[in-house]
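Structure record follows, encoded as structure tokens.
Atoms considered below: every heavy atom in the structure, side chains included; atoms not considered: hydrogens, waters and symmetry mates. Each chain gets a letter, A, B and so on, in the order its sequence line appears, and its residues count up from 1.
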There are 2 protein chains.
Amino acid sequence: MAQELRRVFHSIGKRFTNQRQRIWEVFKEKSSGLTVAQAADLLRADGIGHTTVYRVVKEFVELGFLKWVHGADGEHQYVACAGGHCHPLVCRDCGRVQLVDCQGLNTLQKLVSVETGFRVDGHHLEIFGVCPECLRRSPG
Amino acid sequence: MAQELRRVFHSIGKRFTNQRQRIWEVFKEKSSGLTVAQAADLLRADGIGHTTVYRVVKEFVELGFLKWVHGADGEHQYVACAGGHCHPLVCRDCGRVQLVDCQGLNTLQKLVSVETGFRVDGHHLEIFGVCPECLRRSPG
DNA sequence: GTTGTTGCAAACAGTTTGCACGAAA
DNA sequence: TTTCGTGCAAACTGTTTGCAACAAC
């Protein structure tokens, strides 16, 4: 995966620095999302400044390697994303984020297009709920 | 509509002040969304401070009278919403926001629930595109 | 009169920018 | 050795809080 990142960065004339690699790792290791501030805290030990984290996260989002989500408390979080079009399913309880791919939305977009006359070309969907583990712990 | 707002506010033990009425009017008159800052600018002439606008917008969102959307430039905007469950369709060009109701999503939620084991209980969907007027002006 | 509401100023959080130094190619 | 990336500090924007004056009930 880091190899793929390296290739993509080089292909657009950018360098794949140690910082970019570490920042990627931090997000990849965390199954629930992280805010930029949280990631920056973790990366401080490596001597990586928060400015860099903001800049790199923005690049990752543009390249499609990170997706942003509203976490359980409504904060802006980012989640590693292998690629392809998928949507975050956020546990309101533990904050875990699982990505699901929803084919059905293409149909929905076409329908909306016909109904409204808009040319529909994108969407942002987040789904909220409670994950199986949290349900087991406190069903209710 | 203002009457309904008055009733709802009273029913939860809050007052329906002139400020709340004016703030509601500003959003209702604007078919595309407004950021809180934009609304506060418009309301300055009435002597309403931005603090109040922030506070009241938050109340309106909680009561379901306003919905928040990412505008064409990604800023946080709020749109008046008659009530009921509906989703914003945002024109990337002129910023106009039209609300559509998408029945199909209930089915989708059930499907996701079965696939993942989550108890799904909510979602946030925004749809982006280009509105008919903008298409006519510059088809492309 | 009582209690919730407002406006101001100031604090605060999250994010971006300017610039000199450092590191990848 | 050239160009891009980084880190620091500081600026900036959007949002919230403390508090005294005020208005709805």
Contact letters for nucleotides 20-25 of chain D, in which S counts primed atoms plus P, OP1 and OP2 and B counts the base, heavy atoms under 4.0 Å | ---BBS
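B/Tyr78 has its side chain out of reach of B/Leu34: every pair of non-hydrogen atoms, C-beta onward, lies at least 4.5 Å apart. In this structure, A/Leu5 and A/Phe65 have side chains that are in contact, with non-hydrogen atoms separated by less than 4.5 Å. The shortest side-chain heavy-atom distance between A/Leu66 and A/Trp24 falls under the 4.5 Å cut-off.
A/Ile12 places its CD1 atom 13 Å from the C1' atom of D/dG5, with the value rounded to the nearest Å. Note: CZ (A/Phe9) to C1' (D/dT3) measures 17 Å, nearest angstrom.
Rounded to the nearest 0.5 angstrom, B/Cys86 SG and B/Asp101 CG are separated by 7.0 Å.
Legend: side chain to side chain donor-acceptor pair (under 3.5 Å) pairs involving residues 7-17 of chain B, not counting sequence neighbours, sorted by first then second residue: B/Lys14-B/Glu59. For residues 40-56 of chain A, the set of pairs meeting the side chain to side chain donor-acceptor pair (under 3.5 Å) definition, not counting sequence neighbours, comprises A/Arg22-A/Asp46, A/Asp41-A/Arg44. The side chain to side chain donor-acceptor pair (under 3.5 Å) pairs that include a residue from residues 105-117 of chain A are A/Gln109-A/His123, where partners are two or more places apart or lie in different chains.
In summary, contact between chain A and DNA chain C, defined as any nucleotide atom under 4.0 Å from a heavy atom of the protein, begins and ends at C/dG14 to C/dA25 in the 5' to 3' direction.
No donor-acceptor distance shorter than 3.5 angstrom exists from the side chain of B/Glu29 to the backbone of B/Val26, with no hydrogens or angles considered.
Legend: residues meeting salt bridge (charged side-chain N to carboxylate O under 4.0 Å, His left out) with A/Asp121, ordered by chain and number and at least two apart, are B/Arg92. Listed by chain and residue number, B/Phe9 satisfy the ring pair (Phe, Tyr, Trp, His ring centres under 6.0 Å) test with B/Phe16 (two or more places apart in sequence, or in another chain). Looking at residues two or more places apart in sequence or on another chain, you find a salt bridge (charged side-chain N to carboxylate O under 4.0 Å, His left out) between A/Glu133 and A/Arg96. For A/Asn18, there are no side chain to side chain donor-acceptor pair (under 3.5 Å) partners, not counting sequence neighbours.
Through direct or relayed side-chain contacts under 4.5 Å between Ile, Leu, Val, Met, Phe, Trp and Tyr, B/Phe118 connects to A/Leu89, A/Val100, A/Leu105, A/Leu108, A/Val112, A/Phe118, A/Val120, A/Leu125, A/Ile127, B/Leu89, B/Val100, B/Leu105, B/Leu108, B/Val112, B/Val120, B/Leu125, B/Ile127.
The overall bend of the helix from C/dG1-D/dC25 to C/dA25-D/dT1, read as the angle between its terminal helix axes built from five base pairs each, is 40° when rounded to 10 degrees.
Within residues 46-55 of chain B, the residues that place at least one heavy atom under 4.0 Å from DNA chain D are, in residue-number order, B/His50, B/Thr51, B/Tyr54.
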